[in-house]
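Position 1 is the first residue of the sequence, and the numbers go up from there.
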Amino acid sequence: MTNPATTTQQSGAIPAQPGPREVTGVTDGMTSGLGSSVAFGPGQTPGGVIPGAGPSGKPGSRPTVKLREAGPDDPPRYAPEWLELREPADAAARAHDLLDPLRIRLANLPGRSGIVIHDLGCGTGSMGRWLAPRLDGAQHWILHDRDPYLLHFAAVASPRSAADGSRVSVETRRGDIARLTPDALHGASLVTASALLDVLTREEIDTFAAACAGAGCPALLTLSVAGRVELTPSHPLDAELAQAFNDHQRRDGLLGPDAVTAAAEAFSEHGATVRLHPSPWRLGPEQAALTEQWLRGWVGAAVEERPELRAEADVYLTKRLAALAAGELHVTVHHVDLLALSRPVGGAS
């Protein structure tokens, strides 16, 4: 198998589920300073992933699924099917208005013939597929994730050229982004992440901001939940479920909908200029499959937080799914994108 760490990958659709041999060929990032690598345990073959997006694993975690044969204490893995399902909505939602100030900063980096981009918690690589074709110049993407299965998808479906036709290359690293240090970002031009801040603690966000400031690189952090959803037509239970979901997101010290504010404060305290921009999902009949999966996960997490809502929530979900099937349900899920322009190392502005 071709090594994704040393070649430019062909762009294309996310492939069918790879076999275990393909996954174990992904390059390990043990030299990155991001923590130990993650290997599959007994019975944890990639072919055992269950499609879907229902909440699973640690409270407050993003929608995940478990491997069929994984043990009860094994960490959940993200289903490529879910990440692929949400990718068009993510692309439509991301804040294009943050790209011009980012391009200006990257153009002014000293002594660079190309840019190095670290994508944290990359999943299947949707950020790279969205951003790389919107930036000029040669790019080298370093994709970080704890799951080698997702790193495989990210590598094989990465873009191959920038906006001006320049070369885009990619490598993968496995590790724990909560341990990020300035040394791990040495030489970085940009750090990116999607839907990540809300599953971090305040301490982890401060560590993240400090690492970016220490490396002098900007950060583009997209699609963090804002804690607000709007369903049309409305229902009396909407607000109560939304509050229960938000409380669920804050379990175990995770910041959930408070994460963007905390990140803006942390980056500002480390001397960065911070810009915020809304990036809502706007889901209608054309996104029915995504809306259904999101709705099931949203209601499920709310009921997990407040079990006394179960009976009402079951009726609610049945009615909402019927309205969705009839093309009558529209949902806006509010997110916020953040661009933090840390002071560059070396005196560039």
Side-chain angles (χ1 to χ4, degrees), residues 13-14 53 55 61-64 78-103 117 119-135 141 150 153-154 157-159 163 190-200 218-232 238 242 245-246 249 255-264 274-298 301 324 329-340:
I14 297 174
S61 63
R62 289 178 292 184
T64 62
Y78 292 95
E81 294 86 353
W82 162 247
L83 298 177
E84 185 177 18
L85 186 63
R86 64 174 288 170
E87 186 166 342
D90 287 348
R94 287 191 178 98
H96 289 251
D97 288 355
L98 297 180
L99 291 181
D100 280 346
L102 175 60
R103 292 186 185 107
I117 302 171
D119 189 23
L120 307 183
C122 67
T124 57
S126 65
M127 172 62 90
R129 287 188 291 275
W130 179 80
L131 184 59
R134 289 172 168 80
L135 298 178
W141 284 73
L150 295 184
F153 284 95
S158 63
L190 173 65
V191 172
T192 64
S194 292
L196 176 67
L197 291 178
D198 39 286
V199 294
L200 299 180
L220 179 63
L221 311 172
T222 67
L223 300 167
S224 296
V225 296
R228 294 183 295 116
V229 298
E230 298 167 10
L231 296 95
T232 305
D238 289 348
F245 177 84
N246 289 341
Q249 295 294 92
L255 287 174
D258 307 318
V260 173
T261 298
V274 177
R275 297 171 183 249
L276 301 174
H277 200 281
S279 53
W281 275 357
R282 301 190 187 278
L283 308 180
E286 297 81 7
Q287 298 83 23
L290 174 60
T291 305
E292 178 180 349
Q293 292 296 331
W294 171 83
L295 187 61
R296 291 183 182 276
W298 185 69
L324 177 64
L329 182 66
H330 292 76
V331 180
T332 300
V333 183
H334 290 277
H335 303 99
V336 179
D337 287 5
L338 181 152
L339 175 63

Write down the atom of [X], the atom of [Y], and the distance for their closest heavy-atom approach.
| X | Y | value |
| --- | --- | --- |
| Ala262 | Leu255 | CB-CD1, 3.6 Å |
| Gly125 | Ala154 | N-CB, 3.7 Å |
| Ser126 | Glu87 | CB-CD, 3.5 Å |
| Ala193 | Leu196 | CB-CD2, 3.6 Å |
| Ala163 | Pro133 | CB-O, 3.1 Å |
| Leu338 | Ala264 | CD1-N, 3.8 Å |

If we only count heavy atoms from C-beta on, is the [X] to [Y] side-chain gap below 4.5 Å?
| X | Y | answer |
| --- | --- | --- |
| His330 | Pro285 | yes |
| Thr192 | Ile117 | yes |
| Leu83 | Leu150 | yes |
| Pro280 | Arg228 | no |
| Trp294 | Val229 | yes |
| Leu324 | Glu292 | yes |
| Leu99 | Leu131 | yes |
| Arg94 | His335 | no |

Between [atom1] on residue [X] and [atom2] on residue [Y], distance to nearest 0.5 Å:
| X | Y | atom1 | atom2 | value |
| --- | --- | --- | --- | --- |
| Arg86 | Ser194 | CZ | OG | 7.5 Å |
| Leu102 | Asp97 | CG | CG | 13.0 Å |
| Leu197 | Asp337 | CG | CG | 10.0 Å |
| Asp119 | Leu220 | CG | CG | 9.5 Å |
| Glu230 | His334 | CD | NE2 | 3.5 Å |
| Met127 | Leu221 | CE | CG | 7.5 Å |

query = For Arg103, does the CZ atom have more than 12 heavy-atom neighbours from other residues, nucleotides or ligands under 6.0 Å away?
reply = yes

request  = Can you label the angle between the Phe245 ring and the Trp298 ring as parallel, tilted or perpendicular, going by 30° and 60°?
outcome  = tilted

Test side chain to side chain contact (heavy atoms under 4.5 Å, CB included) applied to Val336 and Leu223, Thr261, Val260, the passing residue = Val260

